[in-house]
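None of the values given here were measured: they were computed from a predicted structure. Every heavy atom of this structure was used, including side-chain atoms; hydrogens, water molecules and symmetry mates were not.
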Amino acid sequence: MKKQEDLESEKQMQSIINNFLKRSIYEKLTIQILSSTPDTILEQTVIDNLHTKIGPNFSDEYEAITKLSEGRQAIYTTFYLENEILNGGFNQYFYNSTGSFAKLAYKGLFRIGAINLSVLMSEAINIYTKKDQNITKDQTRTIEGFTIYSEANSLTDLDEKFYSLIKVENLSILRINYIRNNLNEFID
């Protein structure tokens with residue numbers, strides 16, 4: 001029999017999941033929507049809106065994002081940069097399609113005020129660019145290919161720096177502040 005604490009924890013998790021699945025997704029954002037959206041869901045609200053501009057299969061993701069304002073690009077590219085690195089490091093970031101946004105993410109980090117992280121991103125781009133031929137030849141989209149790819153470069157050395165820097169330059173807070181201070185960049 002489960003402990004009462006475990007049952008409460010499961011209930012809370014189920015509530016969080018249900019709320020996420022039932023969230024409002026706006027194809028068009030207005031000043032009123034953004035102003036009344038709490039900080040706790042502001043980033044997700046903007047990301048959801050950006051996904052409506054990309055379409056369901058993400059085949060035109062890069063083209064769609066590059067047509068948006070620099071503020072929207074900054075939120076999108078830094079959001080996925082952070083998620084990819086936290087999930088699998090710089091190797092995963094560059095290995096996946098998100099790596100195509102590296103230069104935009106660099107500019108986005110600078111735009112939202114993550115200066116030290118933008119310097120680190122520049123370093124990551126330089127390493128990736130210099131070793132691109134050796135790295136990409138092993139990108140076979142298999143576990144073995146990813147393992148070879150990960151071992152073929154020194155991007156993993158930057159992961160710990162990233163983890164340390166986000167404790168100082170909290171990207172979520174910086175993105176929320178940027179959105180709040182630049183609402184006009186996010187309205188349709």
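Counting heavy atoms from C-beta outward, E63 and K67 have side chains that approach closer than 4.5 Å. Taking 4.5 Å as the limit, every side-chain heavy atom of Y95 sits out of range of all side-chain heavy atoms of E84. The shortest side-chain heavy-atom distance between E169 and L174 falls under the 4.5 Å cut-off. Using a 4.5 Å heavy-atom threshold, the side chains of I125 and F94 count as touching. Put simply, the side chain of L171 reaches to within 4.5 Å of the side chain of L109, judged on heavy atoms. Residues Y93 and M121 meet the side-chain proximity criterion, which asks for heavy atoms closer than 4.5 Å. At least one side-chain heavy atom of I33 sits under 4.5 Å from a side-chain heavy atom of T37. When side chains are defined from C-beta on, I54 does not count as touching D60, because their heavy atoms never get closer than 4.5 Å.
Taking hydrophobic clusters as Ile, Leu, Val, Met, Phe, Trp and Tyr residues chained together by side-chain heavy-atom distances below 4.5 Å, I31 shares a cluster with F186. Placement of F110 and I166 in two distinct hydrophobic clusters is found when ILVMFWY residues are connected by side-chain heavy-atom separations under 4.5 Å, directly or transitively. With hydrophobic clusters built from ILVMFWY side chains whose heavy atoms lie under 4.5 angstrom apart, L155 does not share a cluster with V119. I25 and I75 are not part of a single hydrophobic cluster, where members link through side-chain heavy atoms under 4.5 Å apart.
Looking at Q73 and T66, their side chains never bring a donor and an acceptor atom within 3.5 Å of each other. Side-chain contact annotation: D188 with N49, donor-acceptor N/O pair under 3.5 Å present. Of the N and O atoms on the side chains of E185 and Y178, at least one donor lies less than 3.5 Å from an acceptor on the other residue.
Although no hydrogens or angles enter the test, the distance criterion places a donor-acceptor pair under 3.5 Å between the side chain of S118 and the main chain of I115. Distance alone, capped at 3.5 Å, is enough to place a donor-acceptor pair between the S100 side chain and the S97 backbone. Under a 3.5 Å cut-off, the side chain of R23 and the backbone N or O of T45 do not form any donor-acceptor pair. In terms of modelled atom types and a separation under 3.5 Å, the side chain of N96 and the main chain of T98 share no donor-acceptor contact. Within the 3.5 Å criterion, the main-chain N or O of I85 finds a donor-acceptor partner in the side chain of Y163.
Exactly one residue among N177, N181, L183 makes a side-chain contact (heavy atoms from CB on, under 4.5 Å) with I179. That residue is L183.
In terms of heavy-atom proximity, A74 sits nearest to G108 at CB-CA, 3.5 Å.
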Hey, mind stepping through I17 and L21 against side chain to side chain contact (heavy atoms under 4.5 Å, CB included) and telling me if it holds?
CA-CA 6 Å; I17 291 168; L21 294 174; 3.9 Å; yes
Given the rule in the side chain to side chain contact (heavy atoms under 4.5 Å, CB included) test, do T156 and F90 qualify, once you have shown the distances and angles that lead to the verdict?
CA-CA 6 Å; T156 52; F90 277 100; over 6 Å; no
Any chance you could lay out the side chain to side chain contact (heavy atoms under 4.5 Å, CB included) test for S69 and R72, step after step, and finish with the verdict?
CA-CA 5 Å; S69 72; R72 284 179 166 176; 3.5 Å; yes
Passes side chain to side chain contact (heavy atoms under 4.5 Å, CB included), F79 versus V46? Steps please.
CA-CA 11 Å; F79 181 84; V46 170; over 6 Å; no
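Ring centroids of Y80 and F101 are separated by 6.0 Å or more, keeping the two rings apart.
Within the model, atoms CG of L104 and CD1 of I65 stand 9.0 Å from one another, a figure rounded to the nearest 0.5 Å. In this structure, CG in L68 is found 7.0 Å from NZ in K53, a value given to the nearest 0.5 Å. Here N182 contributes atom CG and I187 contributes atom CD1; the two are 11.5 Å apart, rounded to the nearest 0.5 Å. To the nearest 0.5 Å, atom CD of residue E61 and atom NE2 of residue H51 are 7.5 Å apart. Going from atom CZ of R180 over to atom CD1 of I173 covers 13.0 Å, rounded to the nearest 0.5 Å. Annotation: the span from T52 atom OG1 to L50 atom CG amounts to 7.5 Å, rounded to 0.5 Å.
Counting non-hydrogen atoms of neighbouring residues, nucleotides and ligands closer than 6.0 angstrom, the NZ atom of K107 reaches no more than 12 such neighbours.
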